[in-house]
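Heads up: the structure comes next, in structure tokens.
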Amino acid sequence: MSSSNTLLSIVLIALSAVEASLLHRETVSTFGFTARVNARATAINIPAADRLRAQEMQQTGSMGRRASSSSFSIANAVTSYTAQVGVGSPATQYTLLIDTGSSNTWVGANTPYVRTNTSVDTGHSVSASYGSGSFSGEEYLDTVTLSSDLVITGQSIGVVSSAQGFNDIDGILGVGPTDLTQGTISNVGSFPTVTDNLYSEGTIGTEALGVYFVPGSSAGELTFGGSDSSKTTSLVNYVPLTTTSPSSYYWGIDQSISYGSSTILSAAAGIVDTGTTLILIATDAFIKYQLATGATLDPNTGLLMITSDQYANLQTLNFNIGGTSYDLTPNGQIWPRSLNTDIGGNSNNIYLVVNDIGSNSGTGLDFINGYSFLQRFYSVYDTTNRQVGFATTSSTDAVSN
């Protein structure tokens with residue numbers, strides 16, 4: 001995992017608590033976490049790994065709840081986000097994956113859980129399967145420390161007795177919707193997430209997360225409590241969460257997509273997800289995009305590939321969300337060329353970040369706006385008001401790829 005072929009650092013991100021008039025107390029706190037490409041996943045290529053995640057999300061959401069026996073693959077996610085999180089008092093530090101597509105927090109896959117005087121064993125069992133990985137164990141209530149100003153008491157955590165598929169990480173910090181906790185703990189329905197408890201304990205005044213990435217840079221920010229206006233170049237425009245299943249069980253929205261002036265995906269439901277690397281769209285929309293760009297499928301990476309002349313003629317890809325168009329520039333549609341060889345590609349090729357979700361439109365989850373979209377637009381996940389927001393940033397029109 002130490003070589004460039006097994007683990008590639010993409011971006012360092014700071015995690016902060018927002019300072020705003022709505023907060024119960026005015027506090028700003030940051031700690032670093034790392035976004036990285038996991039070569040265990042890229043062995044099956046990025047589109048395949050992203051499609052597996054999408055398919056499992058479709059299946060899980062269609063059940064109407066998070067089932068303990070079926071979950072999406074976070075252990076083999078191509079892009080993962082890790083942070084040092086303290087549990088207990090005194091705190092033991094754990095390296096946890098941060099994910100907006102799941103909501104359980106659990107530890108002990110590698111670094112053993114250390115009981116302290118804040119540890120309370122509830123007697124409930126907890127288990128989940130994450131594609132090629134899984135864990136099972138006991139539920140505890142304990143103090144979770146994200147930073148000196150982001151401390152949660154009595155947080156439900158899973159303590160692992162058995163885990164498979166997790167290398168060099170200790171567990172997951174789940175910051176997805178509360179409903180995704182259903183069915184994961186015995187004799188318990190849904191239960192409060194980390195973000196829920198930060199809100200209920202008065203640490204933040206709005207149960208919301210702001211996410212900021214910078215393409216090709218080591219800077220970024222995850223904000224608890226709202227959005228950080230210093231990172232945006234426009235107002236945050238909010239849209240309500242979709243009511244269409246299975247997208248409604250995640251951070252789901254409705255949008256349409258056009259390439260230039262031609263619509264390739266009519267208004268449909270899908271999700272916004274930091275754990276998906278690419279932008280996935282329904283198969284029928286993907287075919288239209290491929291024909292319009294003239295791209296060919298590269299068998300080595302699974303990505304669409306275009307020539308320099310085709311890149312020069314690439315048009316804007318427009319995401320219409322709530323009446324606002326978020327325009328992905330030609331440079332925003334290509335994979336960072338400096339990372340081509342790390343995904344099995346040729347350093348001189350130009351690859352596109354738009355790919356096939358694996359099913360035609362009409363499934364209720366027809367797109368995923370993943371990391372490749374989110375690094376160009378600020379995003380906010382607002383549980384209090386059941387909405388998702390977007391804004392432009394100084395990186396929206398960057399030519400870093």
Side-chain angles (χ1 to χ4, degrees), residues 46-47 50-51 54 58 215 234 237 239-240 242 244 247 252-273 276-298 301-337 349-379 388-393 395-401:
I46 292 174
D50 278 356
R51 274 192 291 274
Q58 288 172 332
S234 72
N237 294 306
V239 292
T242 186
T244 302
S247 295
I253 61 172
D254 297 308
Q255 74 177 15
S256 62
I257 304 175
S258 62
Y259 177 74
S261 59
S262 301
T263 298
I264 61 172
L265 180 67
S266 299
I271 66 174
V272 186
D273 179 40
T276 298
T277 301
L278 303 174
I279 299 167
L280 298 183
I281 58 177
T283 300
D284 46 327
F286 174 72
I287 292 172
K288 293 176 183 177
Y289 178 76
Q290 182 178 2
L291 290 173
T293 60
T296 57
L297 191 65
D298 175 53
T301 64
L303 298 175
L304 289 179
M305 183 172 62
I306 57 175
T307 66
S308 295
D309 288 342
Q310 288 170 330
Y311 175 61
N313 293 313
L314 205 61
Q315 299 181 52
T316 300
L317 191 63
N318 310 298
F319 298 76
N320 189 301
I321 306 171
T324 299
S325 183
Y326 299 91
D327 302 333
L328 197 63
T329 64
N331 189 262
Q333 294 173 56
I334 67 172
W335 178 259
R337 282 170 278 192
N349 289 345
I350 302 175
Y351 302 105
L352 298 173
V353 297
V354 178
N355 215 279
D356 184 4
I357 203 170
S359 55
N360 284 323
S361 57
T363 66
L365 204 166
D366 291 342
F367 62 84
I368 299 181
N369 293 352
Y371 172 78
S372 296
F373 175 88
L374 296 172
Q375 66 178 346
R376 299 291 177 150
F377 300 99
Y378 193 97
S379 56
V388 175
F390 301 97
T392 58
T393 75
S395 300
T396 298
D397 297 323
V399 291
S400 56
N401 291 339

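Nothing here was measured: the structure is a model prediction, and the numbers come from that model.
- The closest side-chain donor-acceptor pair between Asp327 and Ser325 falls under 3.5 angstrom.
- Heavy atoms only, all atoms of each residue included: Arg376 and Asp397 are closest at NH1-C, 4.0 Å.
- One distance of note links CZ of Phe367 with CD1 of Ile271; it measures 8.5 Å at 0.5 Å rounding.
- Of all heavy-atom pairs spanning Asn331 and Ala398, the tightest one is OD1-O, 3.2 Å.
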Item to complete: Would you sort out whether Asn318 and Ser258 count as a side-chain hydrogen bond (donor to acceptor under 3.5 Å, both in side chains), showing the intermediate values?
Response: CA-CA 5 Å; Asn318 310 298; Ser258 62; 3.2 Å; yes

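- No side-chain N or O of Thr363 forms a donor-acceptor pair with one of Asn360 less than 3.5 Å apart.
- The distance from atom OG of Ser372 to atom CD1 of Ile334, rounded to the nearest 0.5 Å, is 11.0 Å.
- Counting heavy atoms from C-beta on, the side chains of Gln315 and Ser262 never come closer than 4.5 Å.
- Shown here for Leu303 and Pro47, the closest heavy-atom pair between the two residues is CD2-CG, 3.6 Å.
- Counting all heavy atoms, side chain and backbone alike, Thr296 lies closest to Gln290 at CA-NE2, 4.1 Å.
- In this structure, Thr307 contributes its side chain and Gln310 its backbone to a donor-acceptor pair below 3.5 Å.
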Item to complete: Verify side-chain contact (heavy atoms from CB on, under 4.5 Å) between Val353 and Tyr371, making sure each step is shown before the conclusion.
Response: CA-CA 10 Å; Val353 297; Tyr371 172 78; over 6 Å; no

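- Figure legend: cation-pi geometry between Arg337 and Tyr311, with NZ or CZ positioned under 6.0 Å from the six-membered ring centre and within 45° of its axis.
- Here CG of Leu304 is found 6.0 Å from OG1 of Thr293. Values are rounded to the nearest 0.5 Å.
- Residues Val272 and Phe373 have side chains not in contact (no heavy-atom distance under 4.5 Å, counting atoms from C-beta outward).
- The six-membered or imidazole ring of Tyr259 lies near that of Tyr289, with a centre-to-centre distance under 6.0 Å.
- Of the possible donor and acceptor atoms, none in the side chain of Asn369 sits under 3.5 Å from a partner among the backbone N and O of Leu374.
- Between Leu352 and the choices Leu278, Leu317, Ile306, Asp298, the side-chain contact (heavy atoms from CB on, under 4.5 Å) rule is met once, by Ile306.
- Of the possible polar contacts, one joining the Ser234 side chain to the Thr392 backbone as a donor-acceptor pair under 3.5 Å is found.
- To the nearest 0.5 angstrom, Asn349 atom CG is 9.5 Å from Ser308 atom OG.
- Between atom OH of residue Tyr378 and atom OG1 of residue Thr396 there is a gap of 13.0 Å, rounded to the nearest 0.5 Å.
- Minimum heavy-atom separation, Gly302 to Leu297: O-CD1, 3.4 Å.
- Gln255 contributes no side-chain N or O that, together with a main-chain N or O of Leu265, makes up a donor-acceptor pair within less than 3.5 Å.
- Using modelled atom types, one finds a donor on one side chain and an acceptor on the other under 3.5 Å when comparing Thr242 with Asp254.
- Side chain to side chain, Asp50 and Thr276 fail the donor-acceptor criterion of an N or O pair below 3.5 Å.
- Not a single donor-acceptor pair under 3.5 Å links the side chain of Gln333 to the backbone N or O of Val354.
- When all heavy atoms of Trp335 and Thr277 are compared, the closest pair comes out as CZ3-CG2, 3.8 Å.
- Thr283 and Asp356 share a donor-acceptor pair across their side chains, judged by distance under 3.5 Å alone.
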Item to complete: Kindly determine whether Ile357 and Asp366 satisfy side-chain contact (heavy atoms from CB on, under 4.5 Å), including the steps that lead there.
Response: CA-CA 7 Å; Ile357 203 170; Asp366 291 342; over 6 Å; no

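- Side-chain contact between Thr324 and Phe390 is absent, with no heavy atoms from C-beta onward closer than 4.5 Å.
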Fill in: Trace of the side-chain contact (heavy atoms from CB on, under 4.5 Å) decision for Ile279 with Leu328
CA-CA 11 Å; Ile279 299 167; Leu328 197 63; 3.5 Å; yes

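- Using a 3.5 Å distance cut-off with no hydrogens or angles, the side chains of Asp284 and Ser361 do pair a donor with an acceptor.
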